[in-house]
Each structure stands twice: as structure tokens, then as C-alpha cells.
Amino acid sequence: MNPVPPAKASSPTPAKTAAQKALDKLGLRRDIDLALHLPLRYEDETRIVKLRDAREGDVVQIEATVTDQEVTFRPRRQLVVTVDDGSDTCTLRFFSFYGSQQKALSVGNTVRIRGEVKGGFLGRTMLHPSFKTAGGDLPAALTPVYPTVAGLPQAYLRKAVLSGLARAELSDTFAPGDLEDFLGQIGRQPLWTLREALQFLHHPTPDVSIDTLLDHSHPAWQRLKAEELLAQQLSQLQSRRERAALNAPALAPAAGGTLRARLLAALPFGLTGAQQRVGEEIAHDMARRIPMHRLLQGDVGAGKTVVAALAAATCMDAGWQCALMAPTEILAEQHFRKLLGWLEPLGITTAWLTGTQKAKDRRAMLALIESGEAQLVVGTHAIIQDKVKFKNLALAIIDEQHRFGVAQRLALRNKLHHEDMEPHMLMMTATPIPRTLAMSYYADLDVSTLDELPPGRTPIVTKVIHEARRDEVIERIRAQISQGRQVYWVCPLIEESEALDLTNATQTHADLAEALQGATRADGQPVLIGLLHSRMHVDDKKAVMGAFTAGLMSVLVSTTVIEVGVDVPNASLMVIEHAERFGLSQLHQLRGRVGRGAAASACVLLYSTGEAPRLGETARERLRAMAETNDGFEIARRDLEIRGPGEFLGARQSGEAMLRFADLATDTALLEWAKAEAPLLLDSYPQLAAKHVARWLGGKAEYLKA
Ligand code: ADP
Ligand code: MG
């Protein structure tokens with residue numbers, strides 16, 4: 001749909017005024033954008049109230065005659081006006097005022113005044129009320145107050161919105177009845193048309209319950225939310241179908257003694273049922289000529305890496321290259337080592353790419369990748385740089401996908417320049433996505449879920465402990481060390497200052513070293529305590545990580561750099577200092593670093609209340625959730641409840657793509673409706689569907705596709 005031209009499109013375009021620029025800034029360019037710019041709140045100017053009936057705190061409109069006016073200077077210069085409406089008097093105070101205002105409030109004038117009534121020792125007062133000359137009709141509707149920015153006066157915006165509303169093309173995509181049936185089932189009120197809904201929300205009649213407008217439960221709001229959710233579903237469905245029209249190399253499993261089969265045979269463990277099922281889902285996708293677009297979600301420790309390795313093996317079996325990209329060097333290196341360990345004995349050449357590697361090494365790697373000799377490439381963002389040319393990339397695996405931006409994921413996808421083909425994409429995440437989010441923002445992805453942990457894990461016991469009881473925690477650490485186990489101690493990231501962050505970790509490291517003097521290991525080796533933080537040189541980081549992984553170090557003190565991917569099965573205790581400062585899913589990720597082996601593992605959440613007598617409510621809720629459950633899905637659900645969807649969306653959260661009106665926590669039923677409706681609409685009325693998406697998303701639909 002073309003945007004509706006502004007009313008005077010043919011006249012020469014004058015330079016934009018500040019107000020017009022401000023409208024642009026708010027994204028209010030098309031008539032429909034203006035029509036959808038909804039009031040933040042409303043003022044009731046439809047009634048005139050008698051002062052006698054106004055209670056303290058009420059915002060009211062009165063009509064009264066000025067009986068006195070003076071400018072006083074104590075305690076500071078102010079205009080003090082007394083008015084009388086026949087029922088009572090009221091004092092108006094203005095600390096800044098113009099001569100014209102003073103004149104309008106001359107004794108004897110009758111004025112219409114709006115403001116909040118305050119009581120007071122000397123009777124009713126209003127501070128800086130708005131006022132105008134009395135008389136004239138009262139408006140029939142509540143007065144909308146719109147969200148605005150500096151340089152855009154409310155009155156100008158109001159006019160612009162109302163004329164946008166008048167011009168906007170608001171024909172319905174779906175009849176009210178379409179949704180009425182559905183909403184009827186869930187006990188909602190009948191739906192309004194889009195035009196009715198918008199007219200109403202911009203000019204509600206005074207009999208409406210303002211609460212239903214503010215909490216968005218009013219039928220006019222239901223209509224808008226249904227519209228918005230439908231647009232989102234349509235756009236996701238469209239991008240899914242567009243992708244289905246693209247080509248990808250069909251990576252059918254090769255017959256007989258394949259790499260995949262040899263890898264399976266060589267693994268030191270058998271796959272879990274969930275790994276098998278998910279592996280088949282992925283293999284099925286990759287065997288098709290349509291690019292796979294699949295998200296593999298599985299709790300920390302669920303065993304995603306081996307699933308990725310099997311997908312890679314299938315790809316290499318078919319004679320194509322595979323790339324695995326991870327968000328941090330530590331994580332990428334872990335994958336590299338693991339995959340190398342599995343695949344090198346089977347004769348596979350794996351290339352390693354990172355931003356910190358020496359130019360000479362990198363050139364060698366680039367040559368291996370370009371010639372196709374390296375069948376598998378593992379690395380960080382370095383993989384998507386222009387210089388990296390693949391011979392024939394067919395499978396791109398992205399670990400912790402939410403930590404990458406849209407552009408980065410697209411860049412990896414574009415690494416296959418081969419007869420108009422796209423590679424298959426497998427994205428992995430340890431943050432399970434709650435169902436409503438999966439249904440909305442991720443509706444263009446197929447989702448595979450590893451819902452079973454590998455066998456032999458004992459559940460992690462989580463304890464929430466006040467930092468005053470640090471000594472007890474130290475004792476626990478001693479006990480673990482003496483049994484030959486290893487311990488993580490995580491310090492919070494102090495956002496304002498990386499330097500503080502470092503001091504904090506360094507200090508903790510020194511304190512622990514002192515507190516653990518005399519601790520002994522079962523094997524008689526010295527007790528070593530390592531330190532890992534973001535400012536360290538990457539080689540030093542690797543050295544520390546390597547020593548911990550090899551079991552040479554008993555305790556690793558770290559800032560949150562170990563958040564993802566670290567895999568040391570012998571680690572059995574995780575201490576998180578200032579746990580109250582971490583987000584819920586971050587705590588869960590950190591906790592997932594232990595409990596990877598057969599030993600009983602524990603997580604201690606050390607919290608501090610600082611100066612405050614106790615923790616804030618959300619911090620307590622987070623710690624409680626951690627103590628109550630180990631289930632990543634339950635954690636994700638509670639996290640969504642506590643924080644809203646923003647955090648889950650990572651790069652998708654680019655404000656524009658967010659739902660403005662619908663709320664996934666409360667509008668599940670409307671979401672279900674939109675999901676069911678979208679394919680019907682797209683199949684039967686494709687033009688109507690396209691119009692709907694353009695109306696709602698304008699140019700923003702692209703954001704939803706990556
Ligand atoms: P994540 O899903 O968090 O990436 P990993 O892939 O790192 O988990 O796996 C966690 C640990 O479990 C690794 O040490 C891995 O080798 C091991 N593992 C994976 N699958 C199985 C299995 N089926 N049986 C036993 N151990 C497994
Ligand atoms: Mg992993």
C-alpha cells in the first residue's frame with residue numbers, strides 16, 4: 001500500500017518546521033501513523049464542577065469569577081488570584097506568568113479553570129491551573145493527551161493526529177464478527193471496527209470508564225491489539241513463505257559408512273532420546289531444497305554441541321562446508337576443541353578463525369577455507385568478515401544466537417554465493433523461549449527443543465545465603481577441594497566501571513587465597529586459585545581457562561566471562577557473589593556451569609542488602625525462583641513475567657519490532673486468534689493481507705525477518 005499523500009501534496013514543499021521535524025522523530029509520517037498515535041491519558045473537560053463538590057486531589061474544571069488579584073513577593077514573586085464560583089472560593093497561584101495572563105485574570109472576569117484542587121490552611125488552592133475565557137460549548141469527548149517530544153506542543157500534535165485520523169484509510173481487514181465469534185468463546189465483549197476503535201480512543205465519550213482505557217481492556221483496545229498481532233503474524237508467515245521459495249543445497253544423509261555414523265560410533269556416550277529426536281528434525285530439514293531456519297533450544301548442559309556436530313557431519317558427508325559461530329572467543333574455542341577432538345580422528349580438517357589470531361595464522365586459515373580443504377570452520381564474528389570466502393558453505397550454525405545482531409546473522413547467511421542458494425541455518429540458545437514469545441516474535445522459526453538432560457546428572461541444590469555467612473561458604477569450598485572437586489566463584493559485572501569490576505574480582509581473589517590457606521587436595525597437589533576477568537589478554541584468559549579445565553586449579557574466581565559454554569564436569573560448586581545484581585536467566589546460565597558430571601553439585605547465591613534493611617521485591621523474586629526450580633523453561637517463564645519480553649529478544653528488540661499495543665502476558669487468546677487467522681487471510685485474500693501488514697508495520701517488517 002502506498003502511504004496516503006498528505007492533503008496538500010501538490011503545493012511546493014516548504015522547509016520543515018521544528019514541529020514537523022519532531023513529528024518525524026516520533027515516526028509520525030503517514031496518516032495511519034498519526035491515527036495510531038494513541039493518547040497517553042485523558043483530561044475530562046466535558047463537565048464543570050462546583051468547587052463545593054471538588055475533593056482534594058481531584059483534577060477538575062470550574063467556572064468562576066475573579067474577586068481579587070495581587071502580585072506578592074513572599075516567599076517569592078507570585079501571582080495570587082482569588083476566584084468564586086458561587087459555591088466556594090479558590091486561590092490560584094502562578095510562580096511564572098505573563099502580563100497577558102495577568103490581564104485575562106482581572107477582577108470581574110469570568111474564567112474556565114482546570115487544575116488539581118489542593119486543600120490548605122487558607123482554603124482551596126490550585127497551582128498553575130490552565131484557564132481560558134468562560135463560555136463556549138463544553139467538548140463532548142474527553143480531551144486526549146498524547147505522548148510527545150520537546151519542540152512538539154500538545155495542541156499542534158493533537159491537531160496533526162486528528163487530521164491524520166480523518167484522512168487515514170481505515171477500511172477493515174477483518175470484520176468485527178470474525179473475531180467476535182472467537183472472542184465470544186473466551187467471554188470478551190464484541191469487537192469494534194478499526195475506525196470505530198480509533199475514533200473512540202482519540203475522543204472517548206465521558207461515560208467511559210477511564211480505567212478500561214488505561215489498562216487496555218476496553219473493546220476499542222481489543223480491536224487494536226488484534227490488528228497489531230495479526231500484522232505481526234502475517235509478516236512472520238510471509239517471511240517464512242518467502243524463504244520456502246528460496247533454494248538450499250539438499251544435504252541428504254549419505255549411504256553406508258558415513259562420517260555421521262562414524263562420529264556416533266566414536267562418541268563416549270549414547271544420545272538421549274531428545275537428542276535423537278532433535279537430530280532427526282534437523283536432518284529432515286537439511287535434506288530439503290529449502291533453507292532450514294531452525295532454533296535449537298535446550299537448557300544449559302542439555303547437550304546441544306553434539307547435536308550441532310552431527311548436523312555438521314551430515315553436511316560434510318554431502319560434500320559441503322559447515323561454519324559454527326559463537327559470540328565469545330572462550331566459547332568458540334571450547335567448541336573448536338570439542339569438535340576437533342571428535343572429528344580430527346575421523347580425518348576432518350577444521351579451521352579456526354578469531355579476531356585475535358596472528359595475521360600469518362589467519363592467512364593460512366583463509367586459504368584452507370577458500371580451497372574447501374577445511375570442511376568445518378569454527379570461530380567468532382571473525383567468520384563473517386568480507387575476507388572470509390567459503391568454497392561451498394551449506395550449513396551455518398550460530399551458538400547463543402540472541403547475542404548476535406540481525407546484520408551479523410544475515411552476513412553469515414550471505415556467505416554462500418552459489419547459484420542463488422542460501423545455506424541452512426541452525427541457531428542455538430540456552431535461554432528457552434516462553435511459548436508466547438515463540439508464537440509471536442519467533443513465529444518464522446522452526447523450534448526444536450532438547451527437553452531432557454543427559455543421564456547421570458544429580459540435580460543442583462541451590463542455596464540463598466546472606467553474605468554475612470561467607471565463612472560457612474568458605475568451609476564448603478574447603479570440603480569440595482579436599483574431595484578433589486573444583487569451584488567457581490563469580491563476581492558481578494559492575495556496569496558503570498570496568499575498573500571497579502576488576503578491583504572487585506581481584507580483591508575477592510586475594511581474600512579467597514588468604515581464607516583458603518592450608519586447604520588441601522586429595523591428590524596432594526597444591527591448591528591453586530585462578531582469576532579470570534574481561535580486561536585480561538586473551539592468551540592469559542586461555543591459560544587460566546586451560547589450567548582450570550585440566551583440573552590444575554581448584555578455584556576459579558571470575559567476572560561473568562564464564563557465563564556461557566564453559567564445560568568442566570568436575571566443577572561441583574558455584575558461588576555467585578552479589579547474586580541480587582544478576583538477572584534471572586543469567587543466574588540460571590551461571591548455575592548451569594556445575595552439575596555437568598555425576599557428583600552432587602550446589603549453587604550458592606550470596607546476596608547483600610548493602611545499606612538497605614532488605615532486598616527489593618524483584619531481586620527477592622529472582623532469588624526465590626532460583627531456589628525453587630532448576631527447570632530452564634520455568635525460569636524463562638518467570639523471567640518474562642518479571643522483566644517483560646525485551647530481554648529475550650536480543651537483537652530483535654530493536655524497539656521498532658516490539659509490539660506497541662498488545663501485551664504477550666495478557667493477550668495470549670488474541671495471539672492464538674491471530675495465529676490461526678493469518679494463514680487463512682494470506683491464502684484467501686493476499687492483497688488484503690499485504691495492505692494490513694503495510695498499514696501496521698510500514699517499512700519495519702524487515703526487522704522481524706532476520
Ligand atoms: P549445552 O547444551 O549447554 O551446550 P553441551 O553440549 O556443552 O551442553 O553438553 C554438556 C555436557 O554433556 C558435555 O560435557 C557433553 O559432552 C555431555 N553430553 C552431551 N550429550 C550427552 C549424552 N547423551 N550423554 C552423556 N553426556 C552427554
Ligand atoms: Mg553450549
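Quick note: numbers below take in every heavy atom, side chains included, and nothing from hydrogens, waters or symmetry partners. Counting convention: from 1, in listed order, for ligands and their atoms alike. These figures come from a predicted structure and were not determined experimentally. Position 1 is the first residue of the sequence; numbering continues from there.
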Is R470 paired with E577 through a side-chain N to carboxylate O contact shorter than 4.0 Å? yes
R596 heavy atoms, cut-off 4.0 Å: which ligand 1 atoms fall inside? 3 (O), 7 (O), 10 (C)
Does E370 pair with K391 as a salt bridge, N-O distance under 4.0 Å? no
Check each atom of ligand 1 against the heavy atoms of K338 and keep those under 4.0 Å away; list them by number with element. 13 (C), 14 (O), 15 (C), 16 (O)
Would you please determine whether A302 falls within less than 4.0 Å of ligand 1 on a heavy-atom basis? yes
Please assess K304 against D399 for the test salt bridge (Lys or Arg N to Asp or Glu O under 4.0 Å), listing each intermediate value before the final yes or no. CA-CA 9 Å; K304 293 182 289 295; D399 198 16; 6.0 Å; no
Out of curiosity, is G301 lining ligand 1, as in a heavy atom under 4.0 Å away? yes
Salt bridge between D451 and R277, side-chain N to carboxylate O under 4.0 Å? yes
4.0 Å heavy-atom contact, G270 with ligand 1: yes
Any idea which atoms of ligand 1 are less than 4.0 Å away from a heavy-atom of T305? 4 (O), 5 (P), 6 (O), 7 (O)
Is there a polar contact, in the sense of an N or O pair closer than 3.5 Å, between F269 and ligand 1? no
NZ/NE/NH1/NH2 to OD/OE distance under 4.0 Å, E621 and R638: no
Is it the case that atom CZ in R289 sees more than 12 heavy atoms from other parts of the structure closer than 6.0 Å? no
Using a 4.0 Å cut-off to any heavy atom of T272, which atoms of ligand 1 qualify? 23 (N)
